[in-house]
Amino acid sequence: MKQRGRHRRRRRGRAVRAVLSGTALALTAAATLISTSQATVADNPGALERIASPAELGRLRLTEQPVPQLWLDRLQSAMGRPSGVQAVLDSADRTLRDERACTGEEKEALPVEPAATRAYCWDTADAASRQWRPESVTTSGDASEDGRWGGHRVILSGWTDSGDDAGGRGLARVAFVDADDPARLTYTWALLAVPVDGGRDYRGLVSHVSGMTWYRDKLLVTTSGGERDALYVYDLDRIQRATVTSDAIGRVPGGWSAHGYGWVLPAVASYRPTGGACDGPDGAAGQAAAGMPCPTGLSLDRTSAPDSLVASEAAPAGSGRHTRLWRYYFSPDPARSGLLVADSAGTVIAGEAYETKAAGVRGVLSRLEDPAGHAAWYLSRPAGPHGLRGTLWRQDLGGARAPECGSEDTHRCWGEGTGSLSYWPQTGELWSVSGRTLFALPLSSVDRALRR
C-alpha cells in the first residue's frame, strides 16, 4: 500500500507540475492573479499568537445543558429499547467505492502532496445527490484507545442538507461506516435529532456538521444556523430505530419516522456559549458580531492531559479578523463519560487558546510534541478562487509551513474542498473528506513533505 501510494504521489506530482508549467495556464494566471510565489508569501499565516487576556478567554466559555433524564426516559419508553453502533453497522445497505471506481471528478478533489494512500467514494446514489454534502469525519480511533468500537473499526461521516430543494430543511445525518475490511467499506445512515415536547417527540437537528468528534460513547457535533448552541452531544448507546419509512420526522401515525432513514440519534446534551448564542447563518456572522465561540472544526487530541477537544472557527477571508483555535478538556470522571470538564454550574472553560492569521479554516488537528507541552496545529483550508486547491498548514508558536507542489512551489496542494481532520493513532493515518471523497494518508507523510 505504501509503495502504491508513493507511485501515485509521483504520478500526480508530475501531472500537476506539467499543468502548472503550461504556457496557456501561465498566461491566464498572469492576467487574473498575482504570481503563485507572491501568493505563497502573502498566504503564509506565520506563527500562532497565544491568547492570554482573561476577557478574550472568557468569551470561549460554554454552559453545559443536559437533556432532562425524564425526557430521554419518556422517549425511550415510547420508541423501545435503544441500540448501539453494532446494530447500525449490521444494517449497512450501501457500499463505498474504492479509488479505482471513483470518477475523475471525484478523484480530482484528492490532495496532490502528500497524496492519499486510501480513497473511497460514496454509493453512486448518494454521490449523485447535490442536496447533501459530506463535511466531517471521525473514527473509532478517536473513540477508544485501541482504535476499535465493539471490536470493529468504524468511521463516522457527518453530512449536511443544503436545504436548496423544495423539501430541503438544512438537516444533518451521519454515515456509519464498517471499516473492518479496507477493500469493502459498507455503511448506512442515521438522522441527528433533538428531543422536544418533554421527550414525547423529536425534531431534526438543523445545522452544518462541519466538525464532529467521537470520544468514548459520545459524539459531539458543531451547530449553526437556527441552533442557539455551539455543540450538540449524542450518546452512541442511545440510537433509536425508526419504525415508519417516510419523509416526516418524529412521531407519526403508526410509529416513528426519521426522514426516510432507519436510525435516529436523539441528543442527550448541548453546550451553549455562556455569553450569548451562535446565531450567524454558518456560525461566522454571529460570532463576528457577538465575539462568541462558534466552532466550525473539531478534533480529538489524546496527547494532552487529560484528553481534549480541539476547536477552530472559520473567520471569513477578507474580514480582517484572526481565526481562533482553542481546546476544552474532557472529564476523567466515569460518570461523565464523553463530556467536557465543567464546574458545579455547568461552566466549561478553555484550557488554552491561540490566534492565527489563516482565514477560512475548515479542519483542525493538534498534537503535543514534547514534555513541555508545545503543540503543532494542522489547519486545512478549502480551495480558493480561480480553481486553486486547498492548503494544509502546520503551525506553532515559531511559524507555519505547508507542503509544496508544482513548478512554482505553491502551497495549494491539499484537497479542493477539504473538510474536518481526524487522526487515527493506531494506524498513524490522517482522515478527511474533500468534495465527495473520503480519504486517508499517513500523518508522517505530511511532516516529511514539510521538511523538503
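- Residues Ala342 and Glu64 share a closest heavy-atom pair of CB-OE1, 4.3 Å.
- Remark: side-chain polar atoms of Thr437 are not paired, donor with acceptor, to backbone N or O of Leu110 under 3.5 angstrom.
- Atom CD of Glu145 has 12 or fewer neighbouring heavy atoms from other residues, nucleotides or ligands inside a 6.0 Å radius.
- Aromatic pair Tyr187/Trp159: ring centres not closer than 6.0 Å.
- For Tyr271 (side chain) and Leu340 (main-chain N/O), a donor-acceptor pair under 3.5 Å exists by modelled atom type.
- Here the side chain of Arg74 pairs a donor or acceptor atom with the backbone of Gly198 at under 3.5 angstrom.
- Of all non-hydrogen atoms in Ser420 and Ser136, the two that sit nearest each other are OG-CA, 3.1 Å.
- The line from CD1 of Ile51 to CG of Leu57 is 6.5 Å long, rounded to the nearest 0.5 Å.
- Under 4.0 Å is where a charged nitrogen must lie from a carboxylate oxygen, and between Arg389 and Glu108 at least one such pair does.
- Within 6.0 Å of the CZ atom in Arg173, the count of heavy atoms belonging to other residues, nucleotides or ligands exceeds 12.
- For the pair Pro195 and Pro266, the minimum side-chain heavy-atom distance is below 4.5 Å.
- A side-chain donor-acceptor contact under 3.5 Å links Ser144 and Asp146.
- The environment of CD in Glu56 is crowded: more than 12 heavy-atom neighbours from other residues, nucleotides or ligands sit within 6.0 Å.
- In this structure a side-chain-to-backbone donor-acceptor pair under 3.5 Å is present from Ser207 to Ser224.
- The side-chain heavy atoms of Ser304 and Arg327, taken from C-beta on, include a pair separated by under 4.5 Å.
- Contact of the Leu60 side chain with the Tyr328 side chain is registered, since non-hydrogen atoms from C-beta on lie closer than 4.5 Å.
- Looking only at atom types and distance, the side chain of Thr323 has no donor-acceptor partner in the side chain of Thr356 under 3.5 Å away.
- Considering every non-hydrogen atom in both Ala449 and Glu113, the closest pair reads CB-OE2, 3.8 Å.
- Salt bridge absent: Arg153 and Asp180 never bring a charged side-chain N and a carboxylate O closer than 4.0 Å.
- Of all heavy-atom pairs spanning Tyr329 and Ser308, the tightest one is CD2-CB, 3.7 Å.
- The closest donor-acceptor contact from the side chain of Ser331 to the backbone of Val341 lies at 3.5 Å or more, if one exists at all.
- In this structure, Trp393 has its ring center at least 6.0 angstrom away from the ring center of Trp377.
- A donor-acceptor pair under 3.5 Å is formed between the side chain of Asp396 and the backbone N or O of Gly398.
- Evaluated for a side chain to side chain contact (heavy atoms under 4.5 Å, CB included) with Leu231, the options Thr222, Val221, Thr213 yield exactly one hit, Thr222.
- Here the side chain of Thr296 pairs no donor or acceptor atom with the backbone of Ser210 at under 3.5 angstrom.
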For this session: Go through the steps to decide whether Trp256 and Val264 satisfy the test side-chain contact (heavy atoms from CB on, under 4.5 Å), and finish with yes or no.
Result: CA-CA 10 Å; Trp256 299 86; Val264 60; over 6 Å; no

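- Taking the six-membered ring wherever Trp is involved, the centroid distance between the rings of Tyr423 and Trp431 does not fall below 6.0 Å.
- No side-chain donor from either of His152 and Asp178 sits under 3.5 Å from a side-chain acceptor of the other.
- Taking 4.5 Å as the limit, some side-chain heavy atom of Thr188 sits within range of a side-chain heavy atom of Val88.
- When the options Arg133, Arg94, Arg436 are evaluated for a salt bridge (Lys or Arg N to Asp or Glu O under 4.0 Å) with Asp126, the one that passes is Arg94.
- For the side chain to side chain contact (heavy atoms under 4.5 Å, CB included) with Trp214, the qualifying choice from Leu220, Val154, Leu300 is Val154, the only one to do so.
- Under the 3.5 Å distance criterion, with hydrogens and angles disregarded, a donor-acceptor pair is assigned to the side chains of Gln76 and Arg238.
- With respect to the salt-bridge test (charged N to carboxylate O, under 4.0 angstrom), the residues Lys107 and Glu105 do not qualify.
- Put simply, the side chain of Val361 reaches to within 4.5 Å of the side chain of Ser312, judged on heavy atoms.
- Atoms CD and CD, on Glu355 and Glu49 in that order, are 6.0 Å from each other to the nearest 0.5 Å.
- Heavy atoms from other residues, nucleotides or ligands lying under 6.0 Å from CD1 of Ile349 number 12 at most.
- Counting heavy atoms from C-beta outward, Val85 and Asp237 have side chains that stay 4.5 Å or more apart.
- For the pairing with Leu421, the side chain to side chain contact (heavy atoms under 4.5 Å, CB included) check across Val137, Leu298, Val310, Leu392 returns one residue only, Leu392.
- For an aromatic pair to be called close, the ring centres must be under 6.0 Å apart, and Trp122 with Tyr120 fails this.
- Remark: side-chain polar atoms of Asp197 are not paired, donor with acceptor, to backbone N or O of Arg200 under 3.5 angstrom.
- In this structure, a donor-acceptor pair under 3.5 Å is present between the side chains of Gln426 and Trp424.
- Interatomic distance, NE2 of His208 versus CG of Asp161, reported as 10.0 Å (0.5 Å rounding).
- Taking all atoms of both residues into account, the shortest heavy-atom contact from Val67 to Ala267 is CG2-O, 3.5 Å.
- Taking the six-membered ring wherever Trp is involved, the centroid distance between the rings of Phe176 and Trp189 does not fall below 6.0 Å.
- Between Leu430 and Leu365, some side-chain heavy-atom pair lies under the 4.5 Å cut-off.
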* How far apart are the C-alpha atoms of Leu96 and Thr186, what are their side-chain angles, what is the distance that settles it, and do they pass the side-chain contact (heavy atoms from CB on, under 4.5 Å) test? -> CA-CA 6 Å; Leu96 280 154; Thr186 59; over 6 Å; no

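- Between the side chains of Tyr378 and Asp447, a donor-acceptor pair is found at a separation under 3.5 Å.
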side-chain contact (heavy atoms from CB on, under 4.5 Å) for Leu379 and Leu325? Distances and angles first, verdict last. CA-CA 10 Å; Leu379 311 176; Leu325 315 170; 3.8 Å; yes

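- Residues Ser91 and Trp263 bring a donor and an acceptor atom of their side chains to less than 3.5 Å of each other.
- A side-chain donor-acceptor contact under 3.5 Å links Thr160 and Glu135.
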Practice problem: Using the side-chain contact (heavy atoms from CB on, under 4.5 Å) rule, take Phe439 and Ser432 through it: C-alpha gap first, then chi angles, then the decisive distance, then the call. | Solution: CA-CA 6 Å; Phe439 70 90; Ser432 188; 3.6 Å; yes

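- Distance check, rounded to the nearest 0.5 Å: CG of Leu339 to OH of Tyr215 gives 11.0 Å.
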Exercise. Would you check, one step at a time, whether the test side chain to side chain donor-acceptor pair (under 3.5 Å) holds for His259 with Asp247?
Key: CA-CA 4 Å; His259 199 54; Asp247 196 48; 2.9 Å; yes

Check step by step if side chain to side chain donor-acceptor pair (under 3.5 Å) holds for Asp301 and Thr303. CA-CA 5 Å; Asp301 186 355; Thr303 65; 2.4 Å; yes

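- Taking the six-membered ring where the residue is Trp, the centroids of Trp326 and Tyr354 are separated by 6.0 Å or more.
- Across every non-hydrogen atom of Ala78 and Arg251, the tightest pair is CB-NH2, 3.9 Å.
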